[in-house]
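Notes for the one structure printed next.
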Amino acid sequence: MNVAIIGCGLIGRKRSETLAGSRLVACADLAFEQAEALARKFPGCQPLQDWRSVLDRKDVDIIVVA
């Protein structure tokens with residue numbers, strides 16, 4: 001399953017560590033630096049600043065709101 005995380009603070013980072021068997025493809029946060037930092041840990045993950053753009057992605061199966 002492909003996962004996107006909205007909210008890349010402490011809880012979002014913790015959720016990203018529990019995705020066994022899934023792939024983080026996008027992460028969004030108003031603080032774009034946090035989204036970028038989280039995305040760097042997952043090859044192919046796209047950092048986003050606008051959480052609404054996650055909803056338009058066809059490659060996302062699960063959205064975690066943290």
Side-chain angles (χ1 to χ4, degrees):
M1 304 292 285
N2 289 335
V3 179
I5 293 179
I6 298 173
C8 301
L10 177 64
I11 301 302
R13 290 190 308 268
K14 285 185 176 193
R15 298 296 176 259
S16 73
E17 295 168 3
T18 63
L19 299 178
S22 296
R23 187 174 144 235
L24 187 63
V25 296
C27 55
D29 199 295
L30 291 175
F32 188 63
E33 314 80 49
Q34 289 191 33
E36 287 180 311
L38 182 57
R40 278 193 293 272
K41 296 178 181 181
F42 297 88
C45 180
Q46 181 182 13
L48 304 163
Q49 188 167 20
D50 184 1
W51 65 269
R52 292 173 207 91
S53 58
V54 170
L55 303 177
D56 295 329
R57 293 181 61 121
K58 302 292 184 210
D59 63 337
V60 173
D61 301 306
I62 299 168
I63 298 174
V64 175
V65 179

Separation between CD of Gln34 and CD of Gln49, rounded to the nearest 0.5 Å: 11.5 Å
Rounded distance [0.5 Å steps], CD in Gln46 versus CG in Leu24: 11.0 Å
So which heavy atom on [X] is nearest to which on [Y], and how close?
| X | Y | value |
| --- | --- | --- |
| Gly12 | Leu38 | O-CD2, 4.4 Å |
| Ala39 | Cys45 | CB-O, 3.6 Å |
| Ile62 | Met1 | CD1-CB, 3.9 Å |
| Cys27 | Ala35 | SG-O, 3.3 Å |

Heavy-atom check, side chain of Lys14 versus side chain of Thr18, under 4.5 Å: no
Ile5 reachable from Ile11 in the ILVMFWY side-chain graph, under 4.5 Å edges: no
Check: Asp61 side chain, Asn2 main-chain N or O, donor-acceptor pair, under 3.5 Å: yes
Hydrophobic cluster of Trp51, others only, ordered by chain and residue number, side-chain cut-off 4.5 Å: Ile6, Val25, Leu48, Val54, Leu55, Val60, Ile63, Val65
